[in-house]
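Heads up: the structure comes next, in structure tokens.
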Amino acid sequence: MEFVQPLLEWYDRNKRELPWRGEKDPYRIWVSEIMLQQTRVEAVKDYYGRWMSRFPSLPDLAAAPEEEVLRYWQGLGYYSRARNLWQGVREVAASYGGKVPDSEAAVRALPGIGEYTAGAILSIAYDRPVPAVDGNVVRVYSRLFCLAGESETALKRKIAALVAGHLPQERPGDYNQALMDLGATLCIPGKPRCDECPVRDFCRSFARGTQQEFPPKKKKSTVKTVELVAAVIERHGAFLLQRRPAQGLLAGMWEFPTVEIETGGDAAAVESAVGTRTGQQVRLGPKLMDLVHIFSHRRWEIAVHHSTMTVPGDLPPEPETRWVNRKEFPQLVFAGPHRKIAKTVAAQELPDGAVRGKL
DNA sequence: AACTCGGGGAT
DNA sequence: ATCCCAGAGTT
């Protein structure tokens with residue numbers, strides 16, 4: 001295709017300088033691609049740097065405990081990515097002698113590696129001509145060819161087939177990355193900067209002035225609001241923390257005891273619910289803060305209350321519950337907004353012997 | 001095909 | 001507010 005060469009030349013002159021760019025170690029490419037899933041380049045840079053200073057090679061990650069791996073991922077989101085990456089790396093260490101396989105089937109079979117990531121790893125690290133169609137590439141190609149597609153999956157499939165036919169055998173990784181850089185810097189959502197585009201002359205939507213119509217808008221999902229009360233329960237300088245369920249949202253991460261409430265639920269009902277959850281008799285104290293935390297498809301509104309135990313009881317086996325000193329906070333992986341609560345209460349250093357929570 | 005899964009930056 | 005980001009896995 002005639003636009004391949006102009007695009008590669010544009011890439012050679014204008015590619016972004018990124019920490020993982022020029023990297024050939026498949027493990028390092030792998031890590032970057034997983035971090036970049038649904039995550040902006042700017043957000044990834046720092047995490048990638050910290051990660052590589054701690055887990056510079058595949059065996060380093062394979063040998064690390066899961067808890068520590070999650071600590072290095074804390075705040076990035078989509079935590080199953082970290083677990084899958086860790087599991088995948090261990091699988092490579094165990095079954096492939098520590099060398100990331102270079103066949104599409106084998107790479108695709110690793111946990112957390114889907115069609116896009118397989119293409120990215122194979123083309124960038126192994127120079128294999130496999131398309132890597134991410135959101136950028138969908139946007140670029142749908143505009144180049146005025147492609148709408150019957151569904152998102154059909155559109156993506158169609159584009160992957162086109163890219164496969166265009167990939168230059170000499171530098172497939174650069175072509176994939178050139179498409180992504182173009183989509184990230186010029187062929188952006190909203191108002192693309194077509195005046196600077198190296199392939200404008202080949203773009204059908206530019207010719208028709210219909211760039212805005214591509215790619216087709218995806219239907220918006222509804223965001224459900226959930227009201228919660230979190231209880232900060234302190235005793236002898238330690239705080240009561242609980243682990244979230246192993247499956248689902250923020251799986252396995254630590255949080256202050258939290259209950260979902262009906263709108264306008266009264267204090268007694270909340271105290272009862274917290275008591276059931278923690279095995280303690282609890283009285284809600286003064287409000288520490290209100291937090292709003294927004295996920296893609298959920299909105300948490302959390303009232304955080306200092307709370308006191310009226311009658312200390314045994315800790316429940318489920319969910320896992322622990323008294324944690326604030327000095328141990330850095331060792332834990334906190335669930336989303338609870339990081340902020342932890343940071344706040346940990347900062348409230350008291351002199352020895354001082355008592356907190358008196359009304 | 002539709003949902004779930006995080007967090008944040010741009011508009 | 002809305003969009004969407006170098007998506008994958010499950011239902």
Side-chain angles (χ1 to χ4, degrees), chain A residues 15-16 18-21 23 29-48 70 73-85 87-88 107-125 131-140 149-157 160 163 173-185 187-192 212 215-224 244-245 247-253 291-300 333-340:
Chain A
K15 66 184 171 195
R16 295 172 289 175
L18 305 172
W20 47 89
R21 190 141 275 173
E23 193 63 65
I29 299 297
W30 184 1
V31 172
S32 73
E33 293 301 340
I34 300 299
M35 285 188 171
L36 286 162
Q37 287 170 6
Q38 292 294 288
T39 309
R40 309 218 172 239
V41 163
E42 285 310 313
V44 168
K45 283 181 178 171
D46 288 346
Y47 282 89
Y48 183 80
L70 283 171
W73 203 273
Q74 188 171 198
L76 244 195
Y78 287 152
Y79 299 93
S80 64
R81 292 185 296 176
R83 298 181 213 269
N84 285 335
L85 172 58
Q87 288 290 1
V107 171
R108 201 40 248 279
L110 293 167
I113 298 186
E115 202 160 326
Y116 161 77
T117 305
I121 294 173
L122 291 171
S123 67
I124 298 171
V133 180
D134 73 335
N136 291 305
V137 181
V138 168
R139 188 166 52 253
V140 169
E150 309 72 42
S151 68
E152 283 184 54
T153 38
L155 176 60
K156 201 170 218 173
R157 198 163 49 237
V163 173
D174 283 348
Y175 186 70
N176 282 331
Q177 293 181 90
L179 289 173
M180 293 190 268
D181 268 28
L182 185 67
T185 61
C187 195
I188 53 181
K191 205 173 171 55
Q212 313 273 10
K217 306 236 179 287
K218 43 189 90 171
K219 39 183 164 291
K220 49 177 175 257
S221 55
T222 59
V223 177
K224 190 172 69 177
R244 292 178 59 80
Q247 308 292 329
L249 190 63
L250 302 169
M253 301 174 80
L291 282 178
V292 177
H293 195 78
I294 298 167
F295 302 92
S296 314
H297 56 292
R298 205 156 317 187
R299 174 188 171 92
W300 279 0
V333 182
F334 280 98
H338 291 267
R339 255 198 312 285
K340 184 168 183 177

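Since the model is a prediction, treat every value here as computed from it, not as a measurement. The figures that follow rest on heavy atoms only: side chains count, while hydrogens, waters and symmetry mates do not. Naming convention: chains lettered A, B, ... in sequence-line order (proteins, then strands); numbering from 1 in each chain.
Residues that satisfy the side-chain hydrogen bond (donor to acceptor under 3.5 Å, both in side chains) test with A:T153, not counting sequence neighbours, are A:S151. In this structure, the side-chain hydrogen bond (donor to acceptor under 3.5 Å, both in side chains) partners of A:N176, at least two apart in sequence or on a different chain, are A:S123. With sequence neighbours excluded, no residue forms a salt bridge (charged side-chain N to carboxylate O under 4.0 Å, His left out) with A:D134. By the salt bridge (charged side-chain N to carboxylate O under 4.0 Å, His left out) test, A:R40 pairs with no residue at all, sequence neighbours left out. With sequence neighbours excluded, no residue satisfies side-chain hydrogen bond (donor to acceptor under 3.5 Å, both in side chains) with A:S32. For A:K45, the side-chain hydrogen bond (donor to acceptor under 3.5 Å, both in side chains) partners at least two apart in sequence or on another chain are A:E42. Applying the ring pair (Phe, Tyr, Trp, His ring centres under 6.0 Å) test to A:Y48 and every residue at least two apart in sequence or in another chain returns A:W20. Residues satisfying the salt bridge (charged side-chain N to carboxylate O under 4.0 Å, His left out) criterion with A:R108, sequence neighbours excluded, are absent altogether. Contacts of A:F334 classified as ring pair (Phe, Tyr, Trp, His ring centres under 6.0 Å), with partners at least two apart in sequence or in another chain: A:F329.
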Stepwise salt bridge (charged side-chain N to carboxylate O under 4.0 Å, His left out) test for A:R21 and A:D174 | CA-CA 10 Å; A:R21 190 141 275 173; A:D174 283 348; over 6 Å; no
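Taking the P atoms as reference points, B:dC5 lies 23 Å from C:dA6, given to the whole Å. The separation of B:dG8 from C:dA8, taken at their P atoms, amounts to 22 Å, rounded to a whole angstrom.
When DNA chain C is scanned 5' to 3' for any atom under 4.0 Å from a heavy atom of chain A, the first and last hits are C:dC3 to C:dG9. First and last contacts of DNA chain B with chain A, using any nucleotide atom under 4.0 Å from a protein heavy atom and ordered 5' to 3', fall at B:dA1 to B:dG9.
Using a 4.0 Å heavy-atom cutoff across all strands shown, A:R139 reaches sugar-phosphate atoms only and no base atom. Within the nucleic acid shown, A:S221 has no heavy atom closer than 4.0 Å to any nucleic acid atom. Heavy atoms of A:G183 sit nowhere under 4.0 angstrom from any nucleic acid atom. Backbone-only engagement by A:K219 is indicated by non-hydrogen atom pairs under 4.0 Å involving sugar-phosphate atoms exclusively. In this structure, A:G190 reaches neither bases nor backbone, as no heavy-atom distance under 4.0 Å exists between it and the strands shown. A:E115 comes within contact range of the sugar-phosphate backbone alone, with a heavy-atom separation under 4.0 Å but no base atom that close. Looking at heavy-atom distances under 4.0 Å, A:Y116 makes contact with a base. A:L18 comes within contact range of at least one nucleobase, with a heavy-atom separation under 4.0 Å. Residue contacts shown for A:W20 include a base, since a base heavy atom lies under 4.0 Å away.
A heavy-atom distance below 4.0 Å to DNA chain B is reached by these residues of residues 76-84 of chain A, ordered by number: A:L76, A:G77, A:Y78, A:Y79.
Positionally, the nearest nucleotide of DNA chain B for A:S151 lies more toward the 5' end than for the other of A:S151 and A:Q37. Nearest-nucleotide mapping onto DNA chain C: of A:S32 and A:R299, the residue sitting toward the 5' end is A:R299. If you find the closest nucleotide of DNA chain B to A:L250 and to A:T153, the one lying nearer the 5' end belongs to A:T153.
Summarising the geometry of A:N136 relative to A:R139, their closest heavy-atom pair is OD1-NH2, 2.8 Å, with the distance given to 0.1 Å.
Between the side chain of A:W30 and the main chain of A:I34, no donor-acceptor pair closer than 3.5 Å is present.
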